[in-house]
Structures are given as structure tokens and as C-alpha cells.
Amino acid sequence: MPTLNRMLFQLFLDEFARARPHTRKVLLVENSRCHTAHDLPSPPQVILGFQPPCAPEVNPAERV
């Protein structure tokens with residue numbers, strides 16, 4: 001998929017939640033607009049953890 005928007009991220013969250021429905025999952029995400037949309041209902045078994053802004057030390061991909 002060439003871009004990531006709120007609808008595609010919602011599809012990912014729903015599939016991620018269905019992978020093992022009886023376990024609680026923590027997903028660390030950055031503060032992208034699609035991750036912080038106000039109308040983004042997170043499934044109850046998925047907890048979103050947000051990285052602090054401008055923190056390359058917590059995102060190994062930014063060191064490359």
C-alpha cells in the first residue's frame with residue numbers, strides 16, 4: 001500500500017486484534033496523524049503506546 005491513512009490503520013488494528021483474540025497486545029506507534037485520529041476506535045485488547053515526539057533514541061529505524 002503506497003500510503004497509510006486512518007482507514008488502513010483501522011484495518012490493521014482490527015486484524016491485529018483478531019490474531020489472538022484472548023490476549024492483550026501493546027503496540028508502540030509514533031505520533032502520526034493516522035495513529036492519533038480522534039475517530040480511531042482501538043479494539044479493547046489492543047493498547048496503543050505513543051513515542052515521545054522527536055525521540056530518535058527510542059526508534060532504531062531513525063538511527064539508520
Side-chain angles (χ1 to χ4, degrees):
M1 296 178 202
T3 61
L4 179 63
N5 58 23
R6 190 209 57 81
M7 287 185 355
L8 291 175
F9 188 59
Q10 184 66 56
L11 287 172
F12 170 78
L13 284 177
D14 295 340
E15 290 299 317
F16 187 62
R18 269 188 234 124
R20 291 184 167 209
H22 302 296
T23 61
R24 196 167 283 272
K25 301 157 197 67
V26 177
L27 184 64
L28 295 175
V29 296
E30 57 189 19
N31 291 307
S32 171
R33 279 186 272 173
C34 64
H35 298 152
T36 58
H38 295 291
D39 57 345
L40 181 71
S42 182
Q45 64 269 37
V46 177
I47 299 169
L48 295 178
F50 293 94
Q51 294 179 353
C54 301
E57 65 275 3
V58 297
N59 189 355
E62 291 189 22
R63 294 184 205 148
V64 176

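All values below were derived from every heavy atom in this structure, side-chain atoms included, with hydrogens, water molecules and symmetry-related copies excluded. Owing to the predicted nature of the structure, the values given are computational and were not obtained by experimental measurement.
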Checklist line | Note, R6 side chain near D39 side chain (heavy atom, < 4.5 Å) | finding: yes
Checklist line | Atom pair CZ (R20) and CD (Q45), whose distance is rounded to the nearest 0.5 Å | finding: 13.0 Å
Item checked: Closest non-hydrogen atom pair, R24 against I47 -> CD-CD1, 3.7 Å
Notebook entry, point to check: Are L8 and F12 joined in one hydrophobic group, where the rule is that I, L, V, M, F, W and Y side chains link up if heavy atoms are under 4.5 Å apart?
Noted result: yes
Notebook entry, point to check: Checking N31 side chain against Q51 main chain: does a donor-acceptor pair fall under 3.5 Å?
Noted result: yes
Check: Of the non-hydrogen atoms in L48 and H35, which two are nearest, and what is the gap between them?
Finding: CD1-O, 4.4 Å
Notebook entry, point to check: In Å, rounded to the nearest 0.5 Å, how long is the span from CG of L13 to NZ of K25?
Noted result: 11.0 Å
Next item on the list: Tell me whether F16 is reachable from L40 by hopping between hydrophobic residues (I, L, V, M, F, W, Y) whose side-chain heavy atoms are closer than 4.5 Å.
Entry: yes
Checklist line | Single-linkage hydrophobic cluster L4~F50, side-chain heavy atoms < 4.5 angstrom | finding: yes
Checklist line | Joint cluster assignment, L11 & M7, ILVMFWY side-chain distance < 4.5 Å | finding: no
